[in-house]
> 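Please find one structure pasted underneath; my questions will follow.
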Amino acid sequence: MLLCNPMTSPSVPSTLSPKTHFSSLRNHPSFLTAPNFPSKNPTRRKLLVVQSKGEDSADGPDRLISAVCYFYPFFDGIQYGKYVITQFTPIQVLIQPLFPAIKVFKSFPLNGFLVFLTLYFVVVRNPNFSRYVRFNTMQAVVLDVLLIFPDLLERSFNPKEGLGLDLVMSVDSTVFLFLLVCLIYGSSSCLFGQLPRLPIVAEAADRQVL
């Protein structure tokens, strides 16, 4: 009969030692495997950055195209400045460099309509252009469409003298100055890469450009 010495602890098999057991678990494929949490997709993240850049910022060509578009309503409504230009020399000096381009624009009666069709169907409705370009182009188009109202007023109410003439002069001068401010503000903002929002027309442009 064998007696076990109570003072002597039985030897622990090597396979059951804590160190060996931990080592065997560590080598197991499922040990310390990270949970299958949804990881961030770098491709998707990169795509979102590119899309955001296309809407909120613009490169050099986009800035230039957008800035040039604001000359269209100004050229089309230059006739409303006949009173202001003759009375104020600084304004005449300011727009004098544009006279050759204005003469070319006014040389053919359908130039304004052809430019309208080109800007709307070739640029605004073309998804290949960035939203920055399409939005600024649409603002210029809407601004030109609004010129219908002062034109109708002149055609239906064309006084030669008196209070009526003063009213027409005031309306024409206001329209011209508004076009001039929109040209300076819109073109300069585009050249600096900012997004101009013109009063009256910005919301209409937003609804047209998706």
Side-chain angles (χ1 to χ4, degrees), residues 58 60-126 129-158 167-206 208-209:
D62 287 349
R63 297 181 186 183
L64 183 60
I65 295 173
S66 300
V68 170
C69 288
Y70 287 103
F71 285 89
Y72 164 58
F74 182 77
F75 287 177
D76 202 20
I78 190 66
Q79 67 273 10
Y80 297 107
K82 55 183 177 289
Y83 303 111
V84 176
I85 295 175
T86 56
Q87 293 179 4
F88 298 94
T89 305
I91 296 181
Q92 184 176 358
V93 174
L94 178 65
I95 66 174
Q96 188 172 3
L98 301 177
F99 283 167
I102 294 173
K103 289 182 179 180
V104 173
F105 183 84
K106 294 291 187 180
S107 62
F108 185 62
L110 294 180
N111 278 346
F113 182 67
L114 294 178
V115 173
F116 168 82
L117 295 179
T118 302
L119 293 179
Y120 186 76
F121 290 104
V122 178
V123 180
V124 175
R125 292 302 181 186
N126 189 350
F129 286 98
S130 65
R131 189 184 187 279
Y132 184 87
V133 173
R134 292 186 290 120
F135 174 78
N136 285 287
T137 305
M138 192 64 211
Q139 282 200 129
V141 170
V142 174
L143 187 59
D144 183 73
V145 171
L146 292 180
L147 295 179
I148 295 175
F149 297 103
D151 183 64
L152 291 176
L153 179 63
E154 273 198 349
R155 293 177 183 273
S156 58
F157 184 68
N158 190 17
L167 177 61
V168 172
M169 291 176 59
S170 299
V171 172
D172 287 356
S173 301
T174 303
V175 171
F176 173 77
L177 292 176
F178 181 71
L179 292 175
L180 181 61
V181 170
C182 289
L183 170 63
I184 297 174
Y185 169 65
S187 297
S188 60
S189 297
C190 291
L191 291 177
F192 285 104
Q194 301 176 354
L195 184 64
R197 294 187 63 88
L198 302 181
I200 303 175
V201 302
E203 294 184 1
D206 273 328
Q208 292 293 326
V209 179

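Computation of the quantities below employed the complete heavy-atom set of this structure, encompassing side-chain atoms and omitting hydrogens, waters and symmetry-equivalent molecules.
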> Starting at CG of L143, measure out to CG of L198 and round the result to the nearest 0.5 Å.
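The CG atom of L198 is 6.5 Å from CG of L143, to the nearest 0.5 Å.
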> Any sub-3.5 Å donor-acceptor pair from Y120's side-chain atoms to T137's backbone N or O?
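Checking the backbone N and O of T137 against the side chain of Y120, no donor-acceptor pair under 3.5 Å is found.
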> Should we count CZ of F113 as having more than 12 external heavy atoms under 6.0 Å?
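No, not enclosed.
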> Considering residues at least two apart in sequence or located in another chain, which fulfil the side-chain hydrogen bond (donor to acceptor under 3.5 Å, both in side chains) criterion with Q79?
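For Q79 the side-chain hydrogen bond (donor to acceptor under 3.5 Å, both in side chains) partners, ignoring immediate neighbours, are K106.
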> Quick one: list whatever passes side chain to side chain contact (heavy atoms under 4.5 Å, CB included) with V84, sequence neighbours left out.
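So V84 forms a side chain to side chain contact (heavy atoms under 4.5 Å, CB included) with F88, I91, S173, F176, L177.
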> If every non-hydrogen atom of L147 is compared with every non-hydrogen atom of Y80, which pair is closest and at what distance?
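Heavy-atom minimum between the residues: O-OH, 3.4 Å.
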> For E203, look at atom CD and say whether over 12 heavy atoms of other residues, nucleotides or ligands are found less than 6.0 Å away.
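Result for CD/E203: open.
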> Ignoring hydrogens and geometry beyond distance, is a side-chain donor-acceptor pair present between R63 and Q194 at under 3.5 Å?
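No, no side-chain donor-acceptor contact under 3.5 Å.
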> If you take all heavy atoms of Y185 and S188, which pair is closest and at what distance?
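Heavy-atom minimum between the residues: O-OG, 3.2 Å.
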> Using a 3.5 Å distance criterion without hydrogens, assess whether the side chain of Q139 forms a donor-acceptor pair with backbone atoms of G186.
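Answer holds: no.
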> Which atom names give the shortest non-hydrogen contact between F129 and I65, and what distance separates them?
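Reported closest heavy-atom pair: CE2-CD1, 4.2 Å.
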> List in chain and number order the residues that pass side chain to side chain contact (heavy atoms under 4.5 Å, CB included) with I148, two or more places apart in sequence or in another chain; answer none if no residue qualifies.
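With neighbours one apart ignored, the set is V145, L152.
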> Only pairs at least two apart or in different chains count here, so list each salt bridge (charged side-chain N to carboxylate O under 4.0 Å, His left out) that has a residue in residues 171-198.
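Checked against salt bridge (charged side-chain N to carboxylate O under 4.0 Å, His left out) - neighbours excluded - the pairs reaching residues 171-198 are K82-D172, R197-D206.
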> Among L119, N136, V201, find the residue that satisfies the side chain to side chain contact (heavy atoms under 4.5 Å, CB included) test when tested with V141.
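Checked L119, N136, V201 against V141; only one passes side chain to side chain contact (heavy atoms under 4.5 Å, CB included): L119.
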> Taking only residues two or more places apart in sequence, or in another chain, which ones meet F157 in a side chain to side chain contact (heavy atoms under 4.5 Å, CB included)?
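If we apply the side chain to side chain contact (heavy atoms under 4.5 Å, CB included) test to F157, skipping adjacent residues, the hits are L153, P159, L167, V168.
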> What are the two closest heavy atoms between S187 and Y70, and how far apart are they?
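Residues S187 and Y70, closest heavy atoms: OG-CB, 3.6 Å.
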> Can you check whether V133's main-chain N or O pairs, donor with acceptor, with D62's side chain at less than 3.5 Å?
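Not confirmed, D62 side chain does not pair with V133 backbone.
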> V209: what forms a side chain to side chain contact (heavy atoms under 4.5 Å, CB included) with it, not counting sequence neighbours?
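Expected list: V124, R131, R134, M138.
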> Might you confirm whether atom OH of Y83 has over 12 heavy atoms from other residues, nucleotides or ligands at distances under 6.0 Å?
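Enclosed.
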